[in-house]
Every structure is written in C-alpha cells, then in structure tokens.
Amino acid sequence: MKTTRSVILSTGASLPRRVVTNDDLSKMVDTSDDWIVQRTGIKERHLADDSETTASLGVAAAKVALAEAKLEPQDIDLIILATSTPDHTFPASATEIQASLGITHGVAFDLQAVCSGFIFALATADKFLTSGSHRRALVIGSETFSRILDWSDRGTCVLFGDGAGAVVLEAREHLGVKAERGVITTHLRSDGRHKGKLYVDGGPSSTKTVGHLRMEGKEVFRHAVGMITDVIKDAFAAASINASDIDWFVPHQANRRIIDASADKLGISRDKVVVTVEKHGNTSAASIPLALDAAVRDGRIKEGQLVLLEAMGGGFTWGSALIRW
Ligand code: UT7
C-alpha cells in the first residue's frame with residue numbers, strides 16, 4: 001500500500017480571448033451549426049491569436065491554480081506539461097513555463113500522449129510524488145490545435161479548440177483510511193498499430209514541417225467507447241468500487257456522443273457527467289483540466305468526492321484516473 005498520496009489542491013484554466021461559433025465556421029467551410037451540434041455537441045470553441053501560445057496559456061492557467069492553492073511558484077518542484085502543440089520543437093514548453101513563473105529549481109518537462117496527455121501527465125506526477133522524489137507538482141494540459149488544423153478540411157477543423165488547464169498536486173502522508181484524499185489509481189494504455197487513424201502528417205525528422213492533423217473520424221469513434229470503458233473497468237477493479245460509487249465523471253471532451261455512450265455503457269448516470277465540449281470543442285490534453293476547473297469553480301466537485309477521469313486519443317493512447325478530491 002502507498003504511504004503517500006498525491007492530493008489535488010487546486011485547478012486553474014485559461015482560454016484564448018477569441019470565441020468562434022459554428023456559424024462563424026460555416027462561413028469558412030461547407031458546414032452548419034446543425035451538423036456540428038448533432039454529430040459532436042460542440043457549439044463554440046476558443047481559438048488563440050498570434051500573441052497566445054501553448055506556453056502563455058499554460059502559464060496563465062498555472063498562475064490561477066497556484067493562487068487558488070495559496071502557493072508561490074517557488075513551492076513547486078515538478079512541472080509536467082501535456083501537449084502535442086509545443087511552442088518550439090525544443091526546448092520543452094514546460095521549461096518556458098517554468099522560466100515564466102520564475103522557477104529555477106526542480107524539473108520541468110513535456111509529455112506527449114495527444115488527447116490522453118493530461119491523464120498520462122497526472123499518472124507520471126503521481127509516481128514522482130508518491131516515490132518521495134518531489135513534493136509539489138504543476139500538471140498542465142495546454143494546446144493550440146488551431147495551429148495544426150487543415151482549415152480546408154471540414155471533417156476535422158470544426159472539432160478542435162485551444163486552451164489550457166492546470167492542477168497543483170501535493171504529496172501527503174497516506175494513513176490508509178479509505179476516504180483519504182488523493183489519486184487512488186491510474187491506468188495507462190497505448191497501441192501504436194492505430195497510428196494512421198489519427199495523426200499529424202509532418203514532423204521535424206520526417207517532413208521537416210509541422211504538418212496538419214488527419215483523422216478517420218468514424219474509425220476513432222468505433223474504437224473509442226470500448227477502449228474508454230475497458231480502462232475504467234480496470235480502475236473500478238483496482239479500487240474495488242463500481243459505477244454507483246462515482247460522484248463525478250470527467251471524461252476527455254471530444255464528442256458528446258462518445259461521452260454519453262461511454263457513461264451509458266458503464267452505468268454512470270448522465271447527471272454525474274461533466275460536459276464542457278459545447279463551449280470548448282476538443283482541446284486535446286487541455287480538455288480534462290478545463291472541465292475539472294469548470295466543475296470545481298461552479299461548486300459541483302467538492303472535497304471528499306470520488307472523481308473519475310478518462311481520455312482516449314492519437315496513438316492510440318488511452319487511460320483513466322480515479323481521485324478522491
Ligand atoms: O480526441 C479523440 C479524437 N477524436 C475523436 O474522438 C473524434 C471521433 N469521431 C467523431 O467524433 C465523429 O466521427 C465525427 C464527428 C468526426 C464525424 O461524425 P460521423 O457521424 O462519424 O460522420 P461521418 O464522418 O461519417 O460523416 C458523415 C457525413 C459525410 O457526408 P456523406 O459522405 O455522408 O455525404 C461527411 O462528408 O457528414 C459529412 N461531414 C460534414 N458535413 C457538414 C463531415 N464533416 C462535416 C462537417 N459539416 N463539418
């Protein structure tokens with residue numbers, strides 16, 4: 001049994017100023033508000049302007065989370081940024097965030113697992129904290145997917161948005177009491193055979209370009225619900241709980257239909273599901289921390305509740321995390 005638990009102290013979020021509605025997009029590509037809402041649930045998304053980057057959005061979200069936790073940047077000794085859209089090929093945008101926050105100790109690095117990035121980063125931070133090597137972590141999901149979209153491809157450009165969310169985690173002694181706060185269990189998976197279904201057609205080592213997102217939407221959809229439910233069942237088994245024990249289900253926000261189908265298959269009541277996809281679109285690694293922040297801020301998620309996270313994305317990668325908030 002773990003003697004330490006990683007407790008989430010606070011959340012923060014940052015969204016680009018510009019809001020783009022489905023009607024705005026219908027002036028750019030052959031689409032409609034009806035089609036986008038029916039197929040995805042998305043109504044609008046925030047898109048970064050030239051002055052807003054993955055690092056700047058990440059810094060803004062991190063500052064909110066630090067203020068909420070009543071901590072100073074110097075209290076943080078680990079920063080993990082989940083992103084597939086870094087400001088530069090290198091250095092890691094996490095180190096840019098570290099420098100912007102004025103932190104010169106500890107370690108900061110990027111982690112890339114596309115839409116599952118936040119869960120992978122949270123699980124990684126949990127391992128660092130529970131091992132005793134680090135004490136307080138900022139886990140950030142920040143993305144500017146608008147930079148890698150093909151704005152002539154209506155099958156993908158209507159789906160994504162930009163933004164950043166962050167959480168502060170602290171290592172605390174775990175006394176072994178069942179209702180104790182913290183990350184209870186995390187489950188990560190990947191299967192690289194699915195690369196061609198969701199990928200970016202460029203990169204420094206292959207094309208020497210940044211490239212554009214390509215997706216076989218139907219194929220991703222077909223795999224999503226099964227993968228999501230499998231990894232959640234792993235979490236239930238590890239924690240000896242079932243769907244009725246969950247207070248809040250905070251899934252990756254890709255598509256309302258995927259979220260509903262996953263909740264239904266698992267037997268999680270729809271009124272326990274946090275949904276922000278209508279306002280943010282799919283913000284990849286930022287979607288879960290943005291949804292967490294929304295639900296904490298409006299009072300739904302409260303201390304002591306059982307919160308279940310899941311995500312699935314390019315790779316494929318997928319994962320779940322169960323947290324006593
Ligand atoms: O973050 C994890 C990764 N991403 C996902 O989880 C996304 C998974 N996939 C999806 O969410 C859905 O597959 C989509 C929303 C991408 C598409 O929904 P769909 O029900 O699978 O539609 P479809 O791709 O089968 O397209 C149906 C029709 C096609 O027309 P035809 O061939 O039936 O005449 C498309 O050309 O809809 C057409 N279409 C559009 N029409 C209006 C595709 N995109 C659009 C659009 N506006 N933006």
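Counting convention: from 1, in listed order, for ligands and their atoms alike.
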Backbone of Ala263 reached by a side-chain donor or acceptor of Asp260 within 3.5 Å:
no
Under 4.5 Å side-chain heavy-atom separation, chaining through any Ile, Leu, Val, Met, Phe, Trp or Tyr, what else clusters with Val64? Say none if it is isolated.
none
Which of parallel (below 30°), tilted (30 to 60°) and perpendicular (above 60°) describes Phe109 and Phe128?
tilted
With distance as the sole criterion, is a donor-acceptor pair present between the side chains of Asp126 and Ser6 under 3.5 Å?
yes
Any side-chain donor-acceptor pair under 3.5 Å between Asp34 and Ser32?
no
Around ligand 1, what residues show up once you keep those with a heavy atom under 4.0 Å from it?
Asp30, Thr31, Trp35, Arg39, Thr40, Cys115, Arg154, Gly155, Val158, Leu159, Leu198, Met215, Gly217, Lys218, Val220, Phe221, His252, Ala254, Asn255, Arg257, Ile258, Asn282, Met312
Indicate whether any N or O donor in one side chain lies under 3.5 Å from an N or O acceptor in the other, for Asp49 and Ser51.
yes
